Amino acid sequence: MPELPEVQTVVNHLAAKIKGRIFKSAEIKVPKMVSNNFKSAVLSRKVIGIKRRGKMIIIELSGNRYLLVHLKLTGQLIFVDRQGKASGGGHALENGNIDLTRPNKFTRIILNFKDGGRLLFHDLRKFGWMRIVDKLEVDKVIRQLGVEPLSKEFTLKKFIEILKKRPKLKIKQFLLNQELIAGIGNIYADESLFASGILPSRQVKSLKAEEVKKLRQSVIKKLKEAIKFGGTSVNTFVHPSGERGKFMARLKVYQRGGQKCLCCGKILKKIRLGGRGTVYCFKCQK
DNA sequence: GTGTTTGTTATCAA
DNA sequence: CTTGATAACAAACA
């Protein structure tokens with residue numbers, strides 16, 4: 001699941017690869033995954049820059065246009081050069097038996113650059129999408145998202161302020177709400193709550209000042225740590241080079257339901273909260 | 001055939 | 001209008 005650290009990893013890798021390149025053509029295999037007139041809108045545009053907002057990838061193009069990309073659950077962006085190689089440092093580029101550096105049965109969109117390089121958009125479940133928009137639309141999208149947890153705007157004061165907006169929400173559901181705080185998904189919600197010793201089912205208004213402070217620190221720490229390790233490769237997440245993230249070994253609760261808590265040895269509980277799988281330690285989290 | 005995986009949005013109820 | 005809860009979307013895997 002690409003969440004903030006995974007999307008940041010993709011953006012970091014892609015920046016060096018695609019900046020300055022000019023789009024020559026697009027192959028759209030699943031029309032519903034792109035905006036109207038996508039092919040002509042992307043044609044001859046040059047990549048100026050690339051950044052992240054929440055889980056959204058924003059690629060600035062020439063002529064005041066922006067390529068928005070959302071990977072949703074299983075999207076992968078792979079860059080290959082004119083020789084068809086992903087410059088990933090000789091790592092295996094296999095996901096199951098699939099060669100990610102070539103169009104495969106999960107390839108939904110192919111963007112070709114003038115110089116022969118390609119950007120492949122694989123997406124098993126077809127939830128991801130690409131849109132070409134203008135500045136006005138980008139600003140609108142950005143406005144709808146909540147505070148960036150790794151920005152300097154995410155102060156303790158700001159956190160308290162937004163927590164007050166939704167006192168009745170369960171804290172996990174609060175963390176997953178992109179309009180309140182942007183970029184956290186199921187993995188880092190569970191990991192941050194474990195790290196701060198707070199039960200996912202606690203109501204926002206029940207959190208003590210000390211817990212709020214601890215939670216903010218945990219969110220920041222976990223996200224930063226995950227970026228440092230190139231994200232978490234569960235399901236299909238890979239870097240634009242085809243490499244996998246290395247944060248899986250550091251997960252304390254996510255996908256560990258029924259196993260022993262690494263802190264106290266008790267068996268981790270697994271429940272459904274707001275329709276999402278949720279793992280926590282009954283002893284370490286209060 | 002059934003349950004499970006989850007980011008976002010549509011829909012509905014209070 | 002706001003808030004929150006739930007289903008739907010798609011596809012593969014155990």
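In the text below, chain A, chain B and the rest are named by the order of the sequence lines, each starting its count at 1. None of these values were measured; they are calculated from a predicted model.
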Give me, pair by pair, the N or O atoms of the protein and of nucleotides 2-4 of chain C that are less than 3.5 Å apart, along with how far apart they are.
from, atom 1, to, atom 2, distance (Å)
C:dG4, OP2, A:R166, NE, 2.8

> What heavy-atom pair brings A:C281 and A:L199 nearest, and what distance separates the two atoms?
Replying inline: O-CD2, 4.4 Å
> Considering residues at least two apart in sequence or located in another chain, which fulfil the side chain to side chain contact (heavy atoms under 4.5 Å, CB included) criterion with A:K126?
Replying inline: A:V30, A:K32, A:M33, A:R108
> Got a sec, which residues hit ring pair (Phe, Tyr, Trp, His ring centres under 6.0 Å) with A:F154, two or more places apart in sequence or on another chain?
Replying inline: A:F159
> Could you spell out the base pairing of DNA chain C in dot-bracket, with Watson-Crick or G-U pairs whose two distances are under 3.5 Å, [ ] crossing and | to another strand?
Replying inline: .||||||||.||||
> Between A:Y280 and A:F194, is the gap from one ring center to the other below 6.0 Å?
Replying inline: no
Under 3.5 Å donor-acceptor pairs involving side-chain atoms of residues 258-268 of chain A, not counting sequence neighbours:
none

> Can A:E211 and A:R202 be counted as an ion pair, charged N to O under 4.0 angstrom?
Replying inline: yes
> Between the side chains of A:R118 and A:N112, is a donor N or O closer than 3.5 angstrom to an acceptor N or O?
Replying inline: yes
> Hey, are A:Y188 and A:E6 close enough side-chain-wise for a donor-acceptor pair under 3.5 Å?
Replying inline: yes
> How far apart are the closest heavy atoms of A:V219 and A:P149, and which atoms are they?
Replying inline: CG1-CB, 4.1 Å
>> If we count only N and O atoms by modelled type, under 3.5 Å, do the side chains of A:Y254 and A:T232 hold a donor and an acceptor together?
In response: no
>> One character per nucleotide, please: for nucleotides 6-11 of chain B, 5' to 3', B when the base has a protein heavy atom closer than 4.0 Å, S when only the sugar-phosphate does, - otherwise.
In response: BBB---
>> Tell me the interatomic distance from A:Q76, atom CD, to C:dA11, atom C1', rounded to whole angstroms.
In response: 14 Å
